[in-house]
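Here the structure is a predicted model, which is why all the values come from computation and not from measurement. Convention: sequence-line order gives letters A, B, ...; per-chain numbering from 1.
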Amino acid sequence: MPRRNDLSSIMVIGSGPIVIGQACEFDYSGTQACQVLRAEGYRVVLVNSNPATIMTDPATADATYVEPLDADVLIDIIEKERPDALLPTLGGQTALNLTMELVRRGELDRLGVEVIGARPEAIDTAEDREQFKNAMSEIGLAVPESGFAHSVDEALVIAQSIGFPIIIRPSFILGGAGTGIAHSDGELLRLAGEGLDASPISEILVEKSIAGWKEYELEVMRDTADNCVVICSIENFDPMGVHTGDSITVAPQQTLSDVEYQAMRDDAFRVLRRVGVETGGSNVQFAVNPETGERLVIEMNPRVSRSSALASKATGFPIAKIAARLAVGYTLNEIENDITKVTPASFEPVIDYVVTKIPRWAFEKLPGSSPRLGTRMQSVGEVMAIGRNFAESLQKAIRSLEQGREGFAPGAPSEFQALDDEALWELCIVATPERLFALHEVLRRGASVEAVSTATKIDPWFVHQLAGIVEREGELTGAAPASFDTYDWRRYKQWGFSDGQIALITGEQRDDIAAWRRAAGVATTFMTVDTCAAEFEAATPYHYSTYEDASEVMNSSRDRVIILGSGPNRIGQGIEFDYCCVHASMALRDMGYETVMVNCNPETVSTDYSTSDRLYFEPLTPEDVAEVIAAEEAACVDGARLVGVIVSLGGQTPLKLSHSIDPALVLGTPVRSIDAAEDRERWSAICQSLGLRQPPGDVATNLEEARAVARRVGYPVLIRPSYVLGGRAMEIVYDDAALTRVMADLTSAHGSLAREGGVSKTRPILIDSFLEDATEVDVDAVRDTTGDIFVAGIMEHVEEAGVHSGDSACALPPQTLSKDVLAEIDEYTRKIATALEVVGLINVQYAVKDGEVFVLEANPRASRTVPFVAKATGIALAQVAVRVMMGESLADLRERRVVPATTPWPELVSVKEAVLPFSRFPGVDTLLGPEMRSTGEVMGIGESFGIAFAKSQLAAGTRLPNSGQVFFSLADRDKVAGLDLARQLTELGFHLAATIGTAGYLRSNGVVVETLVGKIGLGDLGVDAVKLIASGEVQMVVNTPSGSSARSDGAEIRRACVTHGVACLTTMSAGFAAAKGIADTREHGWRVQSLQSIHS
Amino acid sequence: MNRPRAILALADGTIFEGGAAGFLPESGVTTGEFVFNTSHSGYQEVITDPSYAGQIISFTYPHIGNYGVTPLDDEAARPWCEGIVVRELSELPSNWRSVEPLEPFLIRHRVPVLVGADTRRLTRHLRSAGALAGAFGHGDRDMILDAARNATGTDGRDYVTTVSTREAYERGQGDLHVVAFDYGIKSTMVEELASRFRVTVVPAATNAEEVAALNPSGVFLSNGPGDPAALETQVSVLRELIGTTPIFGICLGHQLLAEALGGATFKLPFGHHGSNHPVQDLATGRIEITAQNHNYAVVPDSLERAVVSHVNLNDGVIEGMSLASERCFSVQYHPEAGPGPHDARYLFDRFETLLRTNTLESI
Ligand SMILES: Nc1ncnc2c1ncn2[C@@H]1O[C@H](COP(=O)(O)OP(=O)(O)O)[C@@H](O)[C@H]1O
Ligand SMILES: Nc1ncnc2c1ncn2[C@@H]1O[C@H](COP(=O)(O)OP(=O)(O)O)[C@@H](O)[C@H]1O
Ligand SMILES: [Mg+2]
Ligand SMILES: [Mg+2]
């Protein structure tokens, strides 16, 4: 069937903020879908609350709504845009759930909108575990024995009939939230309770646990003509019991015979047909009993997923693109395979390499969380690596993680060597982020493949591969690489050893290793990802490095620029930086350059092979990047040249690499300036010479020095390591005791910084006087080669300084800053940019206290806020930066109206709000501090700050109440301000509840407090705080920390809010913002507006 | 594991380095025609597929041997290929069905292996140069280069006589009786037939009278190795059989049937060897992902009588034909799979319907 002509406009729903379980992969798939649909001539209406996405670039859709992903908001948009159809399968679980809500409410029928991509019945059958289970037994496919419970007691009954171990899994959930394995009645009762809370329809599946079985995924597609194909098979290295999103996964599957694989393939198609996915991509998960081959169906997702993004990058087959075409009527054979150009999409990709994905976690940033992996996804990002064999892809993937490891065999003595066998085996058996490396040590001590795989349930084939790497390491130890011949070098490189790793193992210098290797004629070769294992010629230059006979990079006579990406998502460095890299590619292509992208994050748009002229899917390490540079220089013909490398758009990752690159090749701000900004002494010197105010402070490498500094500047002080991002390991310290504790941890060999370079003269600890109750301000600016400067955006934070800029809400334009302060900030920013000889972007953070401006830090690179500023002002800031880096002048760009004359001051207020992962980490205090912990962000746009803030809250998942009861529990220093806030809220008609101290203060000032809340545990003095929140009689909580221990009542209150989804504000400033939001919303209501209409 | 160094040389002089594994021939050299197979899994079925007689199979997927071997997956009593080329040969297999690792199996069946070679470069070379004869081994370099220069391909050669069964044998039961010509028949094919009919598998040299004497409900033509043009006798036997009984042919059987119907065959540049080939059934428009293994194909406009029923969507090669009036049909690919997808198994049902109704379904 050809294109559907009965449709003219299609609505696409994005997946919202980056959260655990739903990350950049949906920007990748959504962006592809929008591009395809527009190319097919449809009008595309896009809704996504996440400003950091490429998807929400005004150029990606015809009408782009950066609005909360909420059913009522969607209805407003649909009524305004009147799309013919809605495509919900590219925005993850969020889009599916929203669509189902609209369907249930009958809104889509009322508005005459057709759901395409997957019929609502199909979505229900797949997503509702009960329906799914029944559907499977109908077609005779086995699923783990189970039953459904809507209460804890029901759960217990079922569990006892099935027998332990039992796994609890809620219906309609994301990334395994609320799932877990119970071995006893006690555990079951707890998990069942959590599960029922996690499920929007409070239903849980109580299921036989088959932890330890092999886990597989098939990425499949089906078209309207019932043609089905498997795009990719994926085998999990970690067996059942560890969520696929937290498992190391490998493509293609390695240990199934063809007989078993084809049977699994048949099953997958039967699932697809029964569930009724008629058009598009789906993902079917299987468990296989390693002893008997028995195969069970685990689940299916009737939409593109994290795994389909991985499959697309792993095979070169763009699932989302094809899925979008199928959704509008095409059949697979009508679509061309855009890699080979000569074959149709109706085939099954074959590959001649191995792909390994390893997740990256952030437990170190979430004190109180336990780094145990389970059926509940906890990773915040992932890397993918391609090699000609498993060992090579695994070692490349480990390198890509940027966690100080050169590969599986660390070379340097690992932290596990100290452990006795028992402790070591313990670490091998429990799945944690560190398990893989414990396995290295246990194998190094001579454990047999069989022993390891019996203990861990990791397939012997994988363990044997690991053992092989350990064997090679053994050979290398004490070997003399200087005398290696071609054969030796090739052998070790083919096993995935990096030069740096060989250097560590043999005790030589990395440069010597590289030199000897090259002298022996062993150079990196680049192969092509072509969907067909070289059977046909590939038109798409998508490369990976390995060690073979011949490289496949094609010569070209065009000047090129290399863009270094930002690697795996992690807290502090996420999609915002990928956004900047993608924009760099757009701008450079537009300027006529050939663009070359280097990155190892499979979720991103930057690793879509159509984003740049060439994609190298490689680790971001000095060695791997050097090889890409060499390959690109070698591929220059007819006087073409490598113009340079962009290191300033991918966050800290490429910045760190800038030292390993020929300075002449580094585009934009010179490397020495980058160092100057990071090096405390030089930076302070600069500020002094410019006469800029800084919080008094100094550096220290040990406790003594630290004490001295603290005494000089006075408590409270803020402690921070150098060369880190996202406020890593930063703390506010109020006294000597705390200082001692923090310094002890930071300087210990296995402390917080063990994996991040520790503390030394060159990486000292920075100690500043902590400015209390200061307003924080973020500024993004661009400077060109002529010294001209454009201050693009000034953002005023809602939370006070002390809450990491990445975790606090902020408004553009600023709301309370005086003219003078703004003028001073503008002047400071210009001075700093000039002093640092910035060419391109710079981000400066300020704290304003009592009208005085202090400089906190300057980053001469793209910042997290660049996409937000771009969406709020309508200026493609990243592209402007790239153009000036390439020599264009701001004057010029003003001429061409790319850049306005002065700092834009939009009529509409934009508010950025952070989204935090607490719901996945029970036991972690939700208090905001200087260490960043948010995984993503949303944006609210409105006529007033109040409305924009309220929208941003809804987008972030908490709807501000319009009536009901507000519960106050305030630190003494906040009581005065609290009184004011309490008055505002009572005027708005809210009832008040408060803890004894707070209540007393409010009452004595004539404010009515209806409910008195007692200390937790001793309800006698009033109702128990946690019970009150659980009871649903509180609509909003204002709780500011009393600075005491984390296990204080405050922490309990905040946790209760997370568990029961009650809005919880932990700073007074956020409280006032909320009050304003409620008032303005009530007065003026909300309007939805597309970016195109706002910035036209 | 440290392997004796070995080289691979193609007739055109191209050389690849690697190690010698599997069976190490006295001579230190193995010759044959190089072809590449792109299947991820199913190496055992491929290695034991008689259609590869005279050929050296290079696997594009780098890890071969991961799940070991089991007699259950043999397509024939022994491999007929000359040798195989792999990037990595798994030492430790992991699968509940496995009875031994791949390498001892290969040694027992005297199959030499070149391991560690840049199989992707080899694929790219064969892709552009076409299937080439050549040699590989751990023997003296010049000797191997020589052998490569003199190596001959499969053109004009009859391997069928070599691989076909000596005696006829019976399988399965049922009211319908099918006589299956063994030109190099795969056991999966026999199983598919035996699950539906009483099957008599007969030597390739069996003549029309002998077939008639068995008074079959229908005749089946199997897959097999080598150049169909070299099989005049078989073709003439088919000429006599056509019209007297319903016929279903697969792969070589399809090519021979085409020739018997007056068609011609030609050699593809590098053939189709893999499990991911999209084929369209022209009658229904449906697409099947098919297992394929052939170097020769039917010349498009050489078919006057039969109609084309299936085409390969990658390159338009004729994948199936039928002739209702003569109650015969055939496909170039492998509906029985083994290895490969099961999408096309319906063709065996179509054959059964043909035998029962004496009319050819929907084509
Ligand atoms: N019956 C079971 N026993 C043991 N582990 C299981 C079972 N079912 C699922 N799991 C594990 O839980 C993970 C998440 O389950 P899944 O159904 O895929 O939920 P999600 O929708 O979060 O992907 C799976 O990847 C698997 O490792
Ligand atoms: N002297 C200070 N007084 C108060 N708050 C500070 C001070 N220095 C830093 N902060 C807070 O700590 C956060 C992180 O500090 P910053 O230097 O920006 O680290 P990062 O490089 O991780 O962004 C800032 O966003 C700010 O809220
Ligand atoms: Mg899953
Ligand atoms: Mg900062």
Side-chain angles (χ1 to χ4, degrees), chain A residues 225-230 233 252-263 265-266 289-293 331-333 340 342-344 346-354 388-390 449 453 459-465 468 487 491 494 525 527 532-537 548-550 552, chain B residues 5 16-17 36 38-46 59-63 66-68 70 72-73 87-88 90-98 116-121 123-124 127-128 270 272-278 280 284-289 313-315 337-343:
Chain A
D226 189 34
N227 299 312
C228 297
V229 291
V230 174
S233 62
Q253 67 85 8
Q254 299 294 330
T255 64
L256 292 177
S257 60
D258 191 65
V259 172
E260 298 166 283
Y261 172 70
Q262 298 302 341
R265 180 180 179 274
D266 294 344
N289 181 330
E291 267 76 49
T292 62
T331 52
L332 285 162
N333 56 309
T340 63
V342 298
T343 55
S346 55
F347 80 121
E348 300 195 339
V350 287
I351 64 185
D352 55 3
Y353 47 80
V354 177
R388 277 281 275 166
N389 56 31
F390 173 70
V449 168
S453 69
D459 191 280
W461 189 86
F462 290 117
V463 180
H464 180 256
Q465 294 288 319
Y487 179 88
R491 182 139 174 281
Q494 289 183 339
T525 53
M527 305 277 128
C532 62
E535 183 170 8
F536 306 97
E537 210 158 319
E548 290 287 21
D549 297 349
E552 298 175 14
Chain B
R5 308 270 183 103
F16 299 78
E17 306 277 340
F36 62 85
T38 61
S39 311
H40 285 152
S41 54
Y43 52 81
Q44 186 184 351
E45 295 91 323
V46 168
F59 289 92
T60 61
Y61 187 64
H63 283 289
N66 297 13
Y67 52 84
T70 163
L72 299 168
D73 292 351
R87 176 63 159 68
E88 307 266 337
S90 293
E91 294 162 21
L92 181 137
S94 165
N95 190 289
W96 63 285
R97 297 172 77 243
S98 166
D118 183 348
T119 49
R120 181 168 168 94
R121 190 176 128 237
T123 307
R124 284 165 55 225
R127 172 181 87 201
S128 44
F270 53 89
H272 296 161
H273 311 275
S275 298
N276 71 331
H277 287 260
Q280 186 160 35
T284 63
R286 291 284 308 277
I287 291 146
E288 303 152 18
I289 302 302
L313 291 175
N314 283 345
D315 55 12
H342 302 152
D343 300 10

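Of the residues considered (M527(A), E260(A), E291(A), Q494(A)), E260(A) shows the highest number of contacts with chain B, using heavy-atom pairs under 4.5 Å. The greatest number of non-hydrogen atom pairs below 4.5 Å with chain A, out of R124(B), R120(B), H277(B), is found for R120(B). For chain A, the option among E88(B), R286(B), E45(B) with the highest count of heavy-atom pairs below 4.5 Å is R286(B). For the set T60(B), I287(B), D315(B), N95(B), the entry with the most heavy-atom pairs within less than 4.5 Å of chain A is I287(B). In terms of heavy-atom pairs under 4.5 angstrom with chain A, the leader among L92(B), T38(B), T123(B) is L92(B). The residue among A550(A), S453(A), P290(A), P349(A) with the most heavy atom pairs within less than 4.5 Å of chain B is P290(A). Note: D226(A) leads V229(A), V342(A), V449(A), D226(A) in heavy-atom pairs under 4.5 Å with chain B.
F59(B) does not touch chain A: none of its heavy atoms, backbone or side chain, sits under 4.5 Å away. With a threshold of 4.5 angstrom between heavy atoms, T119(B) approaches chain A through its backbone and through its side chain. Interface remark: L256(A) contributes backbone atoms only to the contact with chain B (heavy atom separation under 4.5 Å). For D73(B), the part lying near chain A is the side chain, with the backbone staying farther off; criterion is any non-hydrogen pair under 4.5 Å. Using a 4.5 Å cut-off between heavy atoms, R388(A) touches chain B through backbone and side chain atoms alike. Looking at H342(B), both its backbone and its side chain come within 4.5 Å of chain A, counting heavy atoms on both sides. Only the side chain of Q280(B) comes within less than 4.5 Å of a heavy atom in chain A; its backbone stays farther off. In this structure, the portion of D266(A) lying under 4.5 Å from any heavy atom of chain B is its side chain and not its backbone.
The structure places CH2 of W96(B) at 6.5 Å from OG1 of T292(A), a figure rounded to the nearest 0.5 Å. Once rounded to the nearest 0.5 Å, the distance linking CD of E348(A) with CG of D343(B) reads 7.0 Å.
A salt bridge does not link E552(A) to R121(B): none of the charged nitrogens lies less than 4.0 Å from a carboxylate oxygen.
Under 3.5 Å, the side chains of E288(B) and N227(A) contain no donor-acceptor pair of N or O atoms. For the residue pair S94(B)/D459(A), the side-chain donor-acceptor check at 3.5 Å is satisfied. Of the N and O atoms on the side chains of S90(B) and W461(A), at least one donor lies less than 3.5 Å from an acceptor on the other residue.
Within the cation-pi definition used here (under 6.0 Å to the ring centroid, within 45° of the axis), R5(B) qualifies as a partner of Y487(A).
Across all non-hydrogen atoms, the minimal contact from Q262(A) to P341(B) is OE1-CA, 3.2 Å. Closest of all the heavy-atom pairs between Y61(B) and Y353(A) is CE1-O, 3.7 Å. The minimum heavy-atom distance linking P344(A) with N314(B) is given by the pair CD-OD1, 3.5 Å. The minimum heavy-atom distance between H40(B) and I351(A), with the atom names listed, is NE2-N, 2.9 Å. D549(A) and D118(B) get closest at one heavy-atom pair: N-OD2, 2.9 Å.
Partners of D258(A) by salt bridge (charged side-chain N to carboxylate O under 4.0 Å, His left out), not counting sequence neighbours: none found. The ring-ring contact (aromatic ring centres under 6.0 Å, His included) test applied to Y43(B) returns Y67(B), not counting sequence neighbours.
At distances below 3.5 Å, not a single donor-acceptor pair connects side-chain atoms of N276(B) with backbone N or O atoms of F347(A). Side chain of H63(B) to backbone of F390(A): a donor-acceptor contact under 3.5 angstrom is found. Side chain of R127(B) to backbone of A534(A): a donor-acceptor contact under 3.5 angstrom is found.
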Q | Derivation of the side-chain contact (heavy atoms from CB on, under 4.5 Å) call for S346(A) and L313(B) | A | CA-CA 8 Å; S346(A) 55; L313(B) 291 175; 3.6 Å; yes
